[in-house]
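Take a look at the structure below.
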Amino acid sequence: MLNIDDRLLEKLNESEMFLCMNILKYMQTNRMTAWPSLETLSKSCRWDERTTKKWRQSLFDKGV
């Protein structure tokens, strides 16, 4: 089960949320970490690497 803080929903646009959901697919539940590669995320989102980098940086800038 995933518990999302409402403040996060107000902060993110649709693309950022989509990227977050794709990152969560690779989360290790016993450690609560996820480190998928840029290539893996790009394939999972069906985006090119440039687009993935753009939205990943946007998440980083927002402190997510």
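Ser44 pairs by the side-chain hydrogen bond (donor to acceptor under 3.5 Å, both in side chains) definition with Asn22, Lys25, not counting sequence neighbours. In terms of the ring pair (Phe, Tyr, Trp, His ring centres under 6.0 Å) criterion, residue partners of Phe18 (sequence neighbours excluded) are, by chain and number, Trp47. For Glu10, there are no side-chain contact (heavy atoms from CB on, under 4.5 Å) partners at least two apart in sequence or on another chain. Remark: Glu39 engages Ser37, Lys43, Glu49 in a side-chain contact (heavy atoms from CB on, under 4.5 Å) (not counting sequence neighbours).
When side chains are defined from C-beta on, Leu19 counts as touching Cys45, because their heavy atoms get closer than 4.5 Å. Residues Thr33 and Met27 are not in side-chain contact: their nearest non-hydrogen atoms beyond the backbone lie 4.5 Å or more apart.
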Show which side-chain atoms of residues 55-62 pair as donor or acceptor with protein atoms under 3.5 Å away, not counting sequence neighbours.
{"unit_1": "Gln57", "atom_1": "NE2", "unit_2": "Asp61", "atom_2": "OD1", "d": "2.8"}
{"unit_1": "Ser58", "atom_1": "OG", "unit_2": "Glu16", "atom_2": "OE2", "d": "2.3"}
{"unit_1": "Lys62", "atom_1": "NZ", "unit_2": "Lys11", "atom_2": "O", "d": "2.9"}
{"unit_1": "Lys62", "atom_1": "NZ", "unit_2": "Glu16", "atom_2": "OE1", "d": "2.8"}
{"unit_1": "Lys62", "atom_1": "NZ", "unit_2": "Glu16", "atom_2": "OE2", "d": "3.1"}

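Taken to the nearest 0.5 Å, the NZ atom of Lys54 stands 7.0 Å off from the OG atom of Ser15. Note that CG of Leu41 is 14.0 Å distant from CZ of Arg46, once rounded to the nearest 0.5 Å.
Cluster annotation: Leu24 is connected to Leu12 through the hydrophobic network of ILVMFWY side chains, with a link wherever side-chain heavy atoms come within less than 4.5 Å. Each of Ile23 and Tyr26 belongs to its own hydrophobic cluster when Ile, Leu, Val, Met, Phe, Trp and Tyr are linked at side-chain heavy-atom distances under 4.5 angstrom.
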